[in-house]
Enquirer: 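Handing you this structure, nothing more for now.
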2 protein chains.
Amino acid sequence: MPRPRSLTQAQLATAALAVIDREGLSGLSMRAVAKELGMSTMALYRYVDDRDQLEQLVVELVLGAVDTAPPGSEVPWRQRVETMVGRLRDCVGAHPEIVPLTLTHRHRSPAVLRWSEVVLGILSEAGFQGGQQVIALRGLLGYVIGAIQQEHLGSLSAAGTVAISELPPDRFPHLSATAQRARHIGVDQEFAGGLDMLLRGMAAMLAEGAGSGPSS
Amino acid sequence: MPRPRSLTQAQLATAALAVIDREGLSGLSMRAVAKELGMSTMALYRYVDDRDQLEQLVVELVLGAVDTAPPGSEVPWRQRVETMVGRLRDCVGAHPEIVPLTLTHRHRSPAVLRWSEVVLGILSEAGFQGGQQVIALRGLLGYVIGAIQQEHLGSLSAAGTVAISELPPDRFPHLSATAQRARHIGVDQEFAGGLDMLLRGMAAMLAEGAGSGPSS
DNA sequence: GCTGGTAGGCGTACGGTGTACTCCTAAGAA
DNA sequence: TTCTTAGGAGTACACCGTACGCCTACCAGC
């Protein structure tokens, strides 16, 4: 076989991620990545079918860094789930610009599959039944994605909240009062609080076993 | 004053939404909307600064249809929250293509502000304290957005799940088994189950009052 | 060492996008 | 009727993703 590849997919993804980190997601283009690598635009297409596929590589690079080793089973399930959620959040949060990409590509990501597998294992061991497992997993995944998004575009302490707190209090009494308070809540505190709420709900579901009967 | 405007912003948004519904979100372009209205491309810029602003109008058109009348206060808070969440989901679900737009524009949407105001009122009346209200609201909003997204790109019964259920069971024992079951869970059932979980968590938070102390 | 074939890499070109700028003209005010 | 102003059209530019065709560096077999 002639002429070995001079670039790995990881190198390609790294270059694209560098462009994103430097110029933002809107700065990502085939031409920019090619320049980053010192090659011509069309040379990229030897490694990638599509811009879409390049984005997938970037997502995989970031999400692949998530530690998916199952946490020690001596700690309670709740804490283990917190650990898994925290790892996912940390890795995505390190590159907030790619959040929109994760939304589009996560369902094809092996890293997310591995993560889901481990979380399902924890849930199963904790005693969640079939249908409950699905709902709990989707709920957790949805929460992390949603929370990261909210954090990224307009956290509680950001300009948006300030604007809200200046709304006419007669038309938005609760909202303006709440926004005043919300400015003092850190993003970590908010994330932890929301997760706490979700986990309490899961625990309640586990205790009662009701609400979502499996199909069987 | 000369020459009254011949188009309202609502007409503009309606035309853009028609394009989206017909050709998908990727078919949305200034040229396409102009053609839909039978005018030249640049004429749109008399009404809108930006493509971004046009998108905002579309989001507002869809989200503005959400009924934000507070549900009757005789029913318990839990049920009232379910009503509000359901209304939001129904309106967005009627135009699934705009989901990505709502992610980018919702924090500037008056309709979302009204919705949030009403939900905060319900939570406040139910007895949630300051910091808890914020977390509960963000949790709810995040859940709806996240769930709609998951529904739209790859629901449990869609092709993605089928692919997952065909994974090598030795490497993904829980995932492949769960995906088999998940295929039989309807999207409505899944949504309701997740919301139920969240509401249980909120109820637990309310009962114990712990976890997320307000800043004061 | 030579040669053939494969695949890496490059340049050009096309159809699309958002939008800045300039012009013409329709319509209300005087 | 004329002036003023804003609506609308047309052109043009920079940028995008990528289809296509070319040249050439590399490795296998001889």
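From a predicted model like this one, the values you see are computed outputs, not experimental measurements. Side-chain atoms are counted along with the backbone in the values below, which use heavy atoms only and exclude waters and symmetry mates. Per chain, numbering begins at 1; letters A, B, ... match sequence-line order.
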Enquirer: Looking at A:Y45, I'd like to know whether one of its side-chain N or O atoms comes within less than 4.0 Å of OP1 or OP2 on C:dG9.
Expert: no

Enquirer: Please state how far atom CE in A:M30 lies from atom P in C:dC10, giving the value in whole angstrom units.
Expert: 14 Å

Enquirer: Quick one: do B:L140 and B:M84 satisfy side-chain contact (heavy atoms from CB on, under 4.5 Å)? Show the steps, please.
Expert: CA-CA 10 Å; B:L140 284 170; B:M84 293 301 294; over 6 Å; no

Enquirer: Nearest-Å distance, CE (A:M39) to C1' (C:dG8)?
Expert: 8 Å

Enquirer: Can you tell me the distance, in whole Å, between the NZ atom of A:K35 and the P atom of C:dG11?
Expert: 13 Å

Enquirer: If you take atom types as modelled and just measure distance, does the side chain of B:R31 reach the base of C:dG16 with a donor-acceptor pair under 3.5 Å?
Expert: no

Enquirer: What is the separation between atom CG on B:L44 and atom P on C:dC21, rounded to the nearest whole Å?
Expert: 18 Å

Enquirer: When you measure only distances, ignoring hydrogens and angles, does the side chain of A:R46 come within 3.5 Å of the base of C:dG9 through a donor and an acceptor?
Expert: yes

Enquirer: Looking at A:Q9, I'd like to know if its CD atom is crowded, meaning that more than 12 non-hydrogen atoms belonging to other residues, nucleotides or ligands lie closer than 6.0 Å.
Expert: no

Enquirer: Within the side chain of A:Q133, is there an N or O that forms a donor-acceptor pair under 3.5 Å with the backbone of A:F128?
Expert: yes

Enquirer: If the cut-off is 4.0 Å, is B:Y47 near the phosphate of D:dG7, judged by side-chain N/O to OP1 or OP2?
Expert: no

Enquirer: Phosphate oxygens OP1/OP2 of C:dG11: is one of them under 4.0 Å from a side-chain N or O of A:S40?
Expert: no

Enquirer: Atom CG of B:L54 and atom C1' of C:dT19: how far apart are they, to the nearest Å?
Expert: 13 Å

Enquirer: What is the separation between atom CG on B:L28 and atom C1' on C:dG18, rounded to the nearest whole Å?
Expert: 12 Å

Enquirer: Rounded to whole Å, how long is the line connecting atom CG of B:L37 with atom C1' of D:dA9?
Expert: 15 Å

Enquirer: Rounded to whole Å, please give me the gap between CG in B:D52 and C1' in C:dT17.
Expert: 15 Å

Enquirer: In sequence, state the C-alpha distance, the side-chain angles, and the governing distance for A:Q132 and A:L123, and then conclude on side-chain contact (heavy atoms from CB on, under 4.5 Å).
Expert: CA-CA 9 Å; A:Q132 290 180 336; A:L123 296 179; over 6 Å; no

Enquirer: Check every strand shown and say whether B:M42 touches a base, only sugar-phosphate, or nothing at a heavy-atom separation below 4.0 Å.
Expert: base

Enquirer: State whether the number of non-hydrogen atoms from other residues, nucleotides or ligands found under 6.0 Å of B:R108 atom CZ is greater than 12.
Expert: yes

